[in-house]
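Heads up: the structure comes next, in C-alpha cells.
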Amino acid sequence: MTTATKTKMQAVTGNQAVAEALRQIDPDVIAAYPITPSTEIMQRFSEFVSNGKVETELILVESEHSAMSACIGASAAGGRVATATSAQGLALMWEMLHIASGYRLPIMISLVNRALSAPLNIHGDHSDGMGARDTGWIQLYSENAQEAYDNSVMAYRIAEHVDVRLPIMVCMDGFIISHSIESMQFLEDEDVKKFVGEHKQIDPLLDFDNPKSIGALVLPDYYMEHKRAQHEATTKVKQVVLNVSAEFGKKFGRDYGLFETYRLEDAEVVLVALNSAAGTIKDEVDRYREKGVKAGLLKPRLFRPFPYDEVGDALKNAKAVCVMDRADSYGGHGPLFMEVASALYPHRQGPALFNKVYGLGGRDLMPHHVDQVLDETIEVAKTGAVKMIKEYITVRN
Amino acid sequence: MSTTTKEKPVTLKTLTNKQDLLSGGHRMCAGCGAPTVVRQVLLAIDEPVVISNATGCLEVSTCLFPYTAWRVPWMHSAFENAAATASGIETMYRALRKKGKIKKNMKFIAFGGDGGTYDIGFQALSGAMERGHQLLYICYDNGAYMNTGIQRSSATPFGANTTTCPAGSKIPGKLQKRKDLTRIMAAHNVAYAAQASPHNWRDLMTKVKKALASDGPAYMGIVAPCNRGWRTQTDDSILLSRLAVETCYWPLYEVENGTWTINYDPKDKKKPITEWIKPQGRFKHLFAPGNEWMLEKFQQIVDEDWESLKKLQGTFGR
Ligand SMILES: Cc1ncc(C[n+]2csc(CCOP(=O)(O)OP(=O)(O)O)c2C)c(N)n1
C-alpha cells in the first residue's frame, strides 16, 4: 500500500527527469557548467530559476573545478547543494571530489555517464564514474529515467543522514538514457518535499557564535584517524540506503535495494551489469528462460560503497557469472569485475567468473550481443573452463 | 550598479580596543609580512567576516590540526580555488538570507598568495569577479611560491633569483617582468581594485573598508615581504614594503568604479629601484659585473609602469 498520490505516466528524457527532481528538491545553491550530455539538466534548471519556479541561487561558474569548489564552499556554509556533469567535467573536478568527501559535505552530483577522452567522444560509458570510484563519494547507478529520478529524490536522504554525511553521485547513461524519451512517473511536488525534508546542517561555517576553521593541514600524527573516520562513515551507507529505499518503496510503490536481481533466485548463468544495459539483458534473460536456460541478472545500484557480502551471497550459487564492464582499467580487469571477484572470493568454490568489456564510447549493446555473452556463459557453466578472463566484445580485430 | 564609497580614514584610537582576529602563536616565519597584512585587514572590518584561504604559507601555518589561529569562520579547500570557494560561501549566504535563515550582515574575504592568485587561481578569480559576488579577494604578494620553497611565479620581479629561475652562469634569474594583476582586475570593471602595503596601515585599512563597502566584487593586491625568499633580515619587512612603494615598484593606487587614483606620488623624491633591491639577496647577482644591463632594465620597467599608471590617472582620474 502506498500512501502518496499517484501521478500519470509521462514521456520524458532522462535529463528532464533529473531536472524535474532538482526542481522539486529546490536546493539552496546549484553550480552549473555545461558539458554534453548533462548540459540539458542545467539548461532546464536555469529555466526554473529564471521563471521563479525554484528559490535556488544558481552560480554559473567558469569551470567544473570551480563548480565543485563553489559547491564545497556553499555546502560548508550551511545548505543543500547540487551540480551536474559528465566525463571531462568530472575529471576536472577530481581534486575537489576528494575534498568534498574528506570534509563530509553531502553534495549531490547528477552524473550523466560519458566516455573520457582520448579519443574525444561524447557518448555514454562508465569511465567517468569508475574514475571517481575512489574519491569517497557514494555512487548510485540508474537503469533508466525512472530510476535516475527516484535515486535523485532519495539522494539527500542518504547523503545527509547523520551517520553518513558524504557526497553522492547519481549516475545514468549518457544519451542512451539522458536523451531518450521513455515513459515514467513523477511524484507530486509536495510528496517529494516531504520525503526529502528540511536540510539540517551540522557545524555550519556561517556561525559566528561558534567560529570554525574548516580545512586544516593535518600531518602524519592525525591524518590517518581522519581517513579512518571517513571509512567508518562509508560503512554506514549500506543500511541507510536500505532504510531510505524501504521508506520510498512504502510511500511510492517502487522498491529498491543495494542492487536489483532479475530472475536470479535459481539462476545458473548470470550476467552482472550496471545502468541501461540491464534493460536489454533482462529481455534476453526472459528469452533464454523461455528456452529453458536458467539465466539471471544482477544489476548493482549502490556501487560505492560496494556491498560485497550481499553481492557474494546473491551470486554464490550460480554456475557461471559474466561481469560486463562499460569501462576499462587498462592493464587490469574491468572495474565492476574486480568488485564482483572480491565479493565472490569467500565463495571461490562457487561460480566460474569472467569479464566482458562492452559499449565503450557509447557503442551499442544489442540483444544479439547479450545472446553471445549468455551463450558463452552457458558454455562456461557446463565446462567450468574460462577461455579468457577479460575480453572486449563488439569490437573490430 | 556600483556606487562610490566614502569611508572615514582609520585612526589608531579606534583600533586600540579591537581584538586581533588572527591570534598569535601561529607558525608563520618570524618577520613574514603576510600575518601583518592579515591582521591589518581584519582590524579594519567591523562586520562579521568569513575567510576563504588558498593553500599556501598563510593557510598551512595558521591552521595546523588540532590548532587554529583564526577567531573568525575560516575555510581552506585547495590551492587554485579560494575565489570559487568564496563564491560558494557567499552564494549560500545570499540563499539563506533570502529565506530568513540568516539575519546577520556578513562580509566575505578570500586570501591567496601570488601563486594561488596570479597563476593557478587566476581563472577562478576572474570568474568570481565577473560574476559579481559580494566579496573581497586579497592577494598577499610575496612574489614567489614560498610555501613550496621559493619558486618563480608570474608575480616574481624581473631579475629575481628563485629556486626555479636560479641566477646561473647562462640565465641570470627571471627574465620576464611581473604580471600586473591589479590592472587586470581593474579591467574586469570590478567595483573596487587597489594596491596597498602594510607600512602604510592607514591607507591599507581604509582601502579594505572601501572595498567591503562597495557594491560588487573587489580586489586588493598587498605587498608582503618574505625574508626567506627575498633573502633579507627578519626585521626588515615593513621597511622593504615601504621601499617597494617609494621606488614605485609597488605603487599605492585604487580604482573605484573606473576612477583611478594614485594614493602616494613621491614626485621628485622617487627612489631608484636599487634602494629596494640592494638589501635583497635574491637580486645580489644584479650587482655583479656584466649584469649592469639588468639594473638598467629593471629601472626602465619600473619607470614605464609608473608613467603608464600616471597616464591612467590622468585619463581616468577625478
Ligand atoms: C593543484 C596544486 N598544485 C600545487 C600545489 C602545491 N603548492 C602548495 S602551496 C604552493 C605555493 C603557494 O604559493 P603562493 O600562492 O605564492 O603562496 P605562498 O606560499 O607564497 O604564501 C604550491 C605550489 C597544490 N597544493 N595544489
Practice item. Please state whether the side chain, the backbone, both or neither of B:V60 comes within less than 4.5 Å of a heavy atom of chain A. Key: both

Practice item. Could you tell me whether B:E47 atom CD has more than 12 heavy atoms of other residues or ligands within 6.0 Å of it? Key: yes

Review point. Side chains of A:S69 and B:T85: closer than 4.5 Å at any heavy-atom pair?
Key: yes

Practice item. Please look at A:Y223 and chain B and tell me whether the side chain, the backbone, both or neither of the residue comes under 4.5 angstrom of a heavy atom of that chain. Key: neither

Check your understanding: Would the number of heavy atoms belonging to other residues, nucleotides or ligands and lying under 6.0 Å from CD of A:E55 be above 12?
Key -> yes

**Study point:** Pairwise distance CD1(B:I120) to NE2(A:H65) - rounded to 0.5 angstrom
**Key:** 7.5 Å

Review point. How about A:E62 and B:S126: does a side-chain donor come under 3.5 Å of a side-chain acceptor?
Key: no

Revision key, fill the gap. Given A:S66, A:G79, A:S213, the one with more heavy-atom pairs under 4.5 angstrom with chain B than any other is A:S213

Review point. Are there more than 12 heavy atoms of other residues, nucleotides or ligands under 6.0 Å from atom CZ of B:R228?
Key: no

Practice item. Would you check if B:K98 and A:E57 make a side-chain contact, meaning some heavy-atom pair closer than 4.5 Å? Key: yes

Exercise for review: With a 4.5 Å cut-off on heavy-atom pairs, point out which of A:D221, A:I72, A:L60, A:L217 contacts chain B the most.
Suggested key: A:L217

Check your understanding: Relative to chain A, which segment of B:E130 carries a heavy atom at a distance below 4.5 Å: side chain, backbone, both, or neither?
Key -> neither

Point to revise | A:L205/B:M92 under side chain to side chain contact (heavy atoms under 4.5 Å, CB included): CA gap, chis, key distance, verdict | key: CA-CA 10 Å; A:L205 180 67; B:M92 183 56 82; over 6 Å; no

Practice item. Taking all heavy atoms of B:P73 and all of A:F208, pick out the closest pair and write down the distance. Key: CD-CE2, 3.4 Å

Review point. In terms of heavy-atom proximity below 4.5 Å to chain A, should B:L64 be classed as side chain, backbone, both, or neither?
Key: both

Practice item. Could you grab the distance from atom OG1 of B:T68 to atom CD1 of A:I214, nearest 0.5 Å is fine? Key: 11.0 Å

Check your understanding: How would you list, in number order, the residues of residues 133-155 of chain B that have a heavy atom less than 4.5 Å from chain A?
Key -> B:H133

Practice item. With a 4.5 angstrom heavy-atom cut-off, could you sort out which part of A:M68 is near chain B: side chain, backbone, both or neither? Key: neither

Point to revise | Top of B:A82, B:A78, B:A69, B:A83 for chain A proximity - count of heavy-atom pairs under 4.5 angstrom | key: B:A78

Review point. Chain A heavy atoms under 4.5 Å from B:E59: which part of the residue, side chain, backbone, both or neither?
Key: side chain

Practice item. For atom NZ of A:K193, decide whether the heavy atoms of other residues, nucleotides or ligands shown that lie under 6.0 angstrom number more than 12. Key: yes

Check your understanding: For A:I99, is it the side chain, the backbone, both, or neither that has a heavy atom closer than 4.5 Å to a heavy atom of chain B?
Key -> side chain

Review point. Do you know which of A:C71, A:A74, A:G102, A:A77 has the most heavy-atom pairs under 4.5 Å to chain B?
Key: A:A74

Review point. Got B:R131 and A:V61 here, is their nearest side-chain heavy-atom distance under 4.5 Å?
Key: yes

Exercise for review: Taking the side chain as every heavy atom from C-beta outward, state whether B:P66 and A:Y222 have any pair of such atoms under 4.5 Å apart.
Suggested key: yes

Exercise for review: Counting only heavy atoms closer than 4.5 Å, note whether A:D207 contacts chain B via side chain, backbone, both or neither.
Suggested key: backbone

Practice item. Count the heavy-atom pairs under 4.5 Å between each of B:K104, B:R94, B:E80 and chain A, then report the option with the highest count. Key: B:E80

Revision key, fill the gap. Pair count under 4.5 Å, heavy atoms only, with chain A: among B:S52, B:C63, B:G127, highest is B:C63

Exercise for review: Could you tell me which portion of B:M75 (side chain, backbone, both or neither) has an atom closer than 4.5 angstrom to a non-hydrogen atom of chain A?
Suggested key: both

Review point. For the atom pair NZ (B:K101) and NE2 (A:H199), what is the distance rounded to the nearest 0.5 Å?
Key: 8.0 Å

Review point. Just wondering, do A:E95 and B:N81 contact through their side chains at under 4.5 Å, heavy atoms?
Key: no

Review point. Would the number of heavy atoms belonging to other residues, nucleotides or ligands and lying under 6.0 Å from NZ of A:K53 be above 12?
Key: no

